[in-house]
Amino acid sequence: MPMGHTATQQAGSGGLKATEHRLANGLRVVLSEDHLTPVAAVCLWYDVGSRHEVKGRTGLAHLFEHLMFQGSAQVTGNGHFELVQGAGGSLNGTTSFERTNYFETMPAHQVELALWLEADRMGSLLTALDEESLENQRDVVKNERRQRYDNVPYGTAFEKLVAMAYPEGHPYHHTPIGSMADLDAASLEDAREFFRTYYAPNNAVLSVVGDIDPEQTLAWIEKYFGSIPSHDGKRPPRDGTLPDVIGGQLREVVEEEVPARALMAAYRLPHDGTREADAADLALTVLGGGESSRLHNRLVRRDRTAVAAGFGLLRLSGAPSLGWLDVKTSGGVEVPAIEAAVDEELARFAEEGPTPQEMERAQAQIEREWLDRLATVGGRADELCRYAVLFGDPQLALTAVERVLDITPEEVRAVAAARLRPDNRAVLVYEPVQGAEDAADTAEAAETDAEGEAAQ
């Protein structure tokens, strides 16, 4: 199959460049040559996440992330891990609301191996997918849910707040982990249909970054991916549009065995990819991004009513982003005192905006985070894929910080005044139940007993 239309563009910051290409089957390819170190990253983003799932079948996107490591036509069992790690590389995959990605960082001379492995499972996973591998990974995902969500303090907070911030029936109402019931209900045919629909070259972006020969790398990509057929059956995600403001405060009190009272909240914020989202990022950085932030200084240092206070942005392109507030109280401090102080600081910020020093510090902090991501071959490969999949242009990854530095203090103040309001948040209040310390002691004793039995 011949190479399809190839467009070459260059945009950069600090000398970073990327070229774009497209195979005849629709696979988009982004290459970024960098000979600073003898390593290279291969990153593959599929345009599928939990927002594409339907009611009753939540968790399929994340389940499939695991199934992709269970073998394909030429690579059986755990072979993907064994081959990459045996060649001196590292690998993983992740799932979000809006995409699923797979990535390897390899010694430069092993890039061809990573490309072959990714192409083999894109083109032939269904030949190896059976009931045994499905059941195996279903159990792995259910255990992951227990370990990360159900059986840890505050573990279901994100899930609860997301469900409140996005109403029933909204594509972002559920988190990528899915529910136990839906994981149990997923059939082998459900999994096969999911793969056929979304794991096609014309629904993916492949980036290769690092110590590469672009011409040779493109030849390998054409050799291994070029014969994989495209698929036109993808259903677009449901509309994620919502009003800018929730219109009232949603609230839930959770009584659980947690170590301290907590106040958590989710605010609806502008969609990713907009100036307003960049302004919101700066606002949350000033308010809760690190130990120099307003909330940390007020609650932790000055009032000493909290042991931790943070405010961050979950950027989303297909629905309103979320501003995530997380405060853990100190000693016997009650949540209403914390909430009153938070609202006082937000109201002051909405009125006055950031000081010049705060603005400079927040922009520098976001710039440093951006530079950290682009400084590694893996981070840059991921950013190039992100902007290609979500915004149609990987070159935007190389200029993202310029847009943040262009935001004015008034834009930051305005987005805070419009969005960081009590009638635009879902609130979760954690109240410890009696016996939390006893339960912790019991668990520690049981762990000690188990270690003793294992030693015998």
Side-chain angles (χ1 to χ4, degrees), residues 25 27 41-50 52-53 57 59-95 99-107 110-145 147 176-178 182-206 208 220-221 223-231 378 385:
N25 60 7
L27 179 67
V42 172
C43 183
L44 190 60
W45 271 45
Y46 290 92
D47 186 9
V48 58
S50 59
H52 295 83
E53 298 165 351
R57 290 297 181 269
L60 264 178
H62 179 232
L63 176 60
F64 227 98
E65 173 209 319
H66 286 257
L67 289 172
M68 285 284 277
F69 291 97
Q70 282 293 287
S72 48
Q74 308 299 322
V75 184
T76 60
N78 202 40
H80 198 113
F81 277 99
E82 293 169 356
L83 287 169
V84 170
Q85 293 172 344
S90 61
L91 71 162
N92 213 332
T94 68
T95 310
R99 59 96 185 105
T100 308
N101 68 341
Y102 303 89
F103 45 92
E104 295 89 7
T105 298
M106 308 289 288
Q110 294 287 2
V111 168
E112 184 182 8
L113 172 62
L115 293 170
W116 175 75
L117 286 166
E118 290 294 357
D120 192 59
R121 59 182 175 182
M122 177 191 282
S124 69
L125 186 94
L126 287 185
T127 63
L129 181 58
D130 55 21
E131 288 285 358
E132 181 180 356
S133 59
L134 177 63
E135 287 303 318
N136 176 280
Q137 291 308 300
R138 192 202 315 266
D139 289 342
V140 169
V141 172
K142 288 169 67 177
N143 194 47
E144 180 182 340
R145 180 183 169 88
Q147 291 180 337
I177 194 69
D182 288 357
L183 287 169
D184 283 333
S187 68
L188 181 59
E189 186 50 41
D190 288 332
R192 287 172 172 164
E193 178 60 25
F194 194 88
F195 180 85
R196 284 190 289 263
T197 301
Y198 296 109
Y199 279 76
N202 54 318
N203 195 46
V205 172
L206 171 67
V208 186
W220 285 330
I221 292 170
K223 176 181 178 180
Y224 297 123
F225 289 90
S227 61
I228 302 173
S230 60
H231 182 76
C385 279

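The line from CG of L206 to CD1 of I221 is 4.5 Å long, rounded to the nearest 0.5 Å. A distance of 12.5 Å separates CZ in R57 from CZ in F194, rounded to the nearest 0.5 Å.
The six-membered or imidazole ring of F64 lies near that of Y199, with a centre-to-centre distance under 6.0 Å.
Closest heavy-atom contact between A204 and L27: O-CD1, 3.8 Å. In this structure, L129 and A191 approach most closely via the heavy-atom pair CD2-CB, 4.1 Å. Across every non-hydrogen atom of P229 and P201, the tightest pair is O-CD, 3.3 Å. Heavy atoms only, all atoms of each residue included: M106 and A114 are closest at CG-CB, 3.9 Å. Smallest separation of non-hydrogen atoms from C385 and C43: SG-O, 3.6 Å. When all heavy atoms of H62 and P176 are compared, the pair lying nearest together is CB-O, 3.3 Å.
Counting only distance, with no hydrogens or angles, the side chain of E112 and the backbone of W220 share no donor-acceptor pair below 3.5 Å. Side-chain atoms of R192 never come within 3.5 Å of backbone atoms of L126 as a donor-acceptor pair (strictly under, hydrogens ignored). Side-chain N or O atoms of H66 include none that pairs as donor or acceptor with a backbone N or O of L63 at under 3.5 Å. Remark: the backbone N or O of G59 is not paired with any side-chain donor or acceptor of D182 at under 3.5 angstrom. Using a distance-only test at 3.5 Å, with no hydrogens or angles considered, no donor-acceptor pair links the side chain of N92 to the main chain of F103. A distance-only check finds no donor-acceptor pair linking the side chain of D120 to the backbone of L117 [under 3.5 Å].
There is a side-chain donor-acceptor pair under 3.5 Å between E104 and H80. Side-chain contact check for T94 and N101: at least one donor-acceptor pair (N or O, by modelled atom type) lies under 3.5 Å. Of the N and O atoms on the side chains of E118 and Y224, not one donor lies less than 3.5 Å from an acceptor on the other residue.
A cation-pi contact links R121 to F69, judged by a cut-off of 6.0 Å to the six-membered ring centre and 45° from its axis.
Applying the side chain to side chain contact (heavy atoms under 4.5 Å, CB included) test to N136 and every residue at least two apart in sequence or in another chain returns Q70, V140. The side-chain hydrogen bond (donor to acceptor under 3.5 Å, both in side chains) search around T100 returns none, not counting sequence neighbours. For R145, the side-chain hydrogen bond (donor to acceptor under 3.5 Å, both in side chains) partners at least two apart in sequence or on another chain are D150, E159. With sequence neighbours excluded, no residue satisfies salt bridge (charged side-chain N to carboxylate O under 4.0 Å, His left out) with R99. Residues passing the side-chain hydrogen bond (donor to acceptor under 3.5 Å, both in side chains) test with E193, sequence neighbours excluded: R196, T197.
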(request) Begin with the C-alpha distance, continue with both residues' side-chain angles, and end with the deciding distance and a verdict on side-chain contact (heavy atoms from CB on, under 4.5 Å) for L67 and F195. (result) CA-CA 10 Å; L67 289 172; F195 180 85; over 6 Å; no
(message) Under the criterion side-chain contact (heavy atoms from CB on, under 4.5 Å), I'd like the reasoning laid out for V84 against Q110: C-alpha separation, chi angles, the key distance, then a yes or no.
(response) CA-CA 9 Å; V84 170; Q110 294 287 2; over 6 Å; no
(request) Go through H231 and Y198 one step at a time and tell me if the side-chain contact (heavy atoms from CB on, under 4.5 Å) criterion holds. (result) CA-CA 8 Å; H231 182 76; Y198 296 109; over 6 Å; no
(message) Working note: M68 + Y46, criterion side-chain contact (heavy atoms from CB on, under 4.5 Å); need CA distance, chi angles, decisive distance, verdict.
(response) CA-CA 12 Å; M68 285 284 277; Y46 290 92; 4.1 Å; yes
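A 4.5 Å side-chain heavy-atom check between K142 and D184 finds at least one atom pair inside the cut-off.
Under the salt bridge (Lys or Arg N to Asp or Glu O under 4.0 Å) criterion, no residue pair touches residues 124-133, with sequence neighbours excluded.
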